[in-house]
Amino acid sequence: MKKHIFLIGFMGVGKTTVSQKLKALMNADEIDMDAVIVRENHMTISEMFERFGEDYFREKETELLRRIAWYKPTIVSCGGGCVMRKENVALMKACGTIVLLTAEPVTVYHRVKNGTARPVLNGHMNVKYIAGLMEKRRAAYEGACDMSVSTDGKRPAQIAEEILGQITRSKDYTEGGNML
């Protein structure tokens with residue numbers, strides 16, 4: 001790998017699970033941004049939102065991205081709202097390839113409906129709300145990404161292999177046909 005691989009997309013599209021599959025396939029390091037922020041702040045994302053507000057959490061994402069930019073090439077699972085800040089997109093583009101994972105709103109709903117760790121959805125756990133929020137974020141996701149992969153109806157390993165296939169065809173990751 002010559003550059004980071006940033007997985008972006010809405011909550012529940014499979015970023016964390018797919019990043020772990022990519023880690024195994026590529027024998028690379030992997031970072032789950034949400035997990036790092038939770039660990040470093042000694043509180044859940046919901047607690048951060050409740051105590052300090054969403055802006056506090058978003059600033060923690062930006063701070064972490066600034067650090068990641070200096071790491072050796074790594075697979076990074078980003079939070080669902082990470083690309084809503086232009087600064088974050090610029091940081092990711094400067095040091096990596098951004099892969100958008102997508103899923104239909106009903107797929108996302110079925111994947112997240114039993115959880116409470118997604119403060120943006122708490123109190124709004126329904127397909128209509130998810131679809132509306134996905135639509136609000138769609139332009140930011142699509143504008144940020146270098147490539148896109150649908151996760152509907154696919155196993156995480158299939159998604160990881162599809163991403164790897166797209167990346168290995170990318171001139172940014174190959175020289176003379178060999179993966180770096």
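This is a predicted model, so every value here is computed, not measured.
Side-chain contact between Leu65 and Met33: present, with at least one pair of heavy atoms (C-beta onward) separated by less than 4.5 Å. Annotation: side chain of Thr102 is in contact with side chain of Ser148 (closest heavy-atom distance under 4.5 Å). Residues Val99 and Ile5 have side chains in contact (heavy-atom distance under 4.5 Å, counting atoms from C-beta outward).
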Test side-chain contact (heavy atoms from CB on, under 4.5 Å) applied to Met26 and Leu164, step by step: CA-CA 8 Å; Met26 300 177 76; Leu164 187 55; 3.8 Å; yes

Go through Ile163 and Leu101 one step at a time and tell me if the side-chain contact (heavy atoms from CB on, under 4.5 Å) criterion holds. CA-CA 10 Å; Ile163 292 167; Leu101 299 184; 3.7 Å; yes

Under the side-chain contact (heavy atoms from CB on, under 4.5 Å) rule, what do Met92 and Val83 come out as? Steps first, then yes or no, please. CA-CA 9 Å; Met92 290 186 275; Val83 299; 3.7 Å; yes

Step by step, work out the side-chain contact (heavy atoms from CB on, under 4.5 Å) result for Ile31 and Ile75. CA-CA 6 Å; Ile31 294 172; Ile75 298 159; over 6 Å; no

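For the atom pair Tyr141 OH and Lys136 NZ, the distance stands at 12.5 Å (nearest 0.5 Å). For the atom pair CG (Leu91) and CD1 (Ile68), the distance works out to 10.0 Å, reported to the nearest 0.5 Å. With rounding to the nearest 0.5 Å, the separation of CD1 in Ile37 from CE in Met43 is 12.0 Å. Put simply, NZ on Lys154 and OG on Ser150 are 5.0 Å apart, with the number rounded to the nearest 0.5 Å. We find the CD1-CG distance between Ile167 and Leu22 to be 6.5 Å, quoted to the nearest 0.5 Å. Between atom OG1 of residue Thr97 and atom NZ of residue Lys3 there is a gap of 3.5 Å, rounded to the nearest 0.5 Å.
Between Lys15 and Phe10, the closest heavy-atom pair is NZ-O, 3.0 Å. Across all non-hydrogen atoms, the minimal contact from Met11 to Val108 is O-CG1, 3.1 Å. Shown here for Leu25 and Ala160, the closest heavy-atom pair between the two residues is CD1-CB, 3.7 Å. Considering all non-hydrogen atoms of both residues, Cys78 and Phe6 come closest at SG-CD2, 3.9 Å. Of all the heavy atoms in Ser19 and Ser77, the pair that sits closest is OG-CB, 3.7 Å. Lys60 approaches Asn41 most closely through the heavy-atom pair CE-OD1, 3.6 Å.
Annotation: Arg67, atom CZ; neighbour count of heavy atoms from other residues, nucleotides and ligands within 6.0 Å is above 12. For CZ of Arg155, the number of neighbouring non-hydrogen atoms (other residues, nucleotides, ligands) closer than 6.0 Å is 12 at most.
Between Glu87 and Thr62, the side chains place no donor N or O within less than 3.5 Å of an acceptor N or O (distance only, hydrogens not considered).
Applying the salt bridge (charged side-chain N to carboxylate O under 4.0 Å, His left out) test to every pair with at least one member in residues 88-100, sequence neighbours left out, gives these pairs: Lys93-Asp146.
A salt bridge links Arg58 with Glu61: the closest approach of a Lys/Arg side-chain nitrogen to an acidic carboxylate oxygen falls below 4.0 angstrom. The existence of a salt bridge linking Glu142 and Arg138 is confirmed by a sub-4.0 Å separation between a basic side-chain nitrogen and an acidic carboxylate oxygen. Salt-bridge check for Arg85 with Glu54: failed, with every basic side-chain N at 4.0 Å or more from each acidic carboxylate O. At a threshold of 4.0 Å, the pair Lys23-Asp29 does not count as salt-bridged, since none of the basic side-chain nitrogens sits closer than that to a carboxylate oxygen.
Side-chain atoms of Thr168 come within 3.5 Å of backbone N or O of Gly165 as a donor-acceptor pair. A side-chain donor-acceptor contact under 3.5 Å links Glu47 to the backbone of Thr44. For Asn88 (side chain) and Cys82 (main-chain N/O), a donor-acceptor pair under 3.5 Å exists by modelled atom type. A donor-acceptor pair under 3.5 Å links the side-chain atoms of His4 to the main chain of Thr74, judged by distance alone. No donor-acceptor distance shorter than 3.5 angstrom exists from the side chain of Arg39 to the backbone of Asp34, with no hydrogens or angles considered.
Close placement of the Phe49 and Phe57 rings is indicated, their centers lying within 6.0 Å of each other.
Remark: of the listed residues Gln158, Glu162, Arg111, Arg111 is the sole one forming a side chain to side chain donor-acceptor pair (under 3.5 Å) with Thr151.
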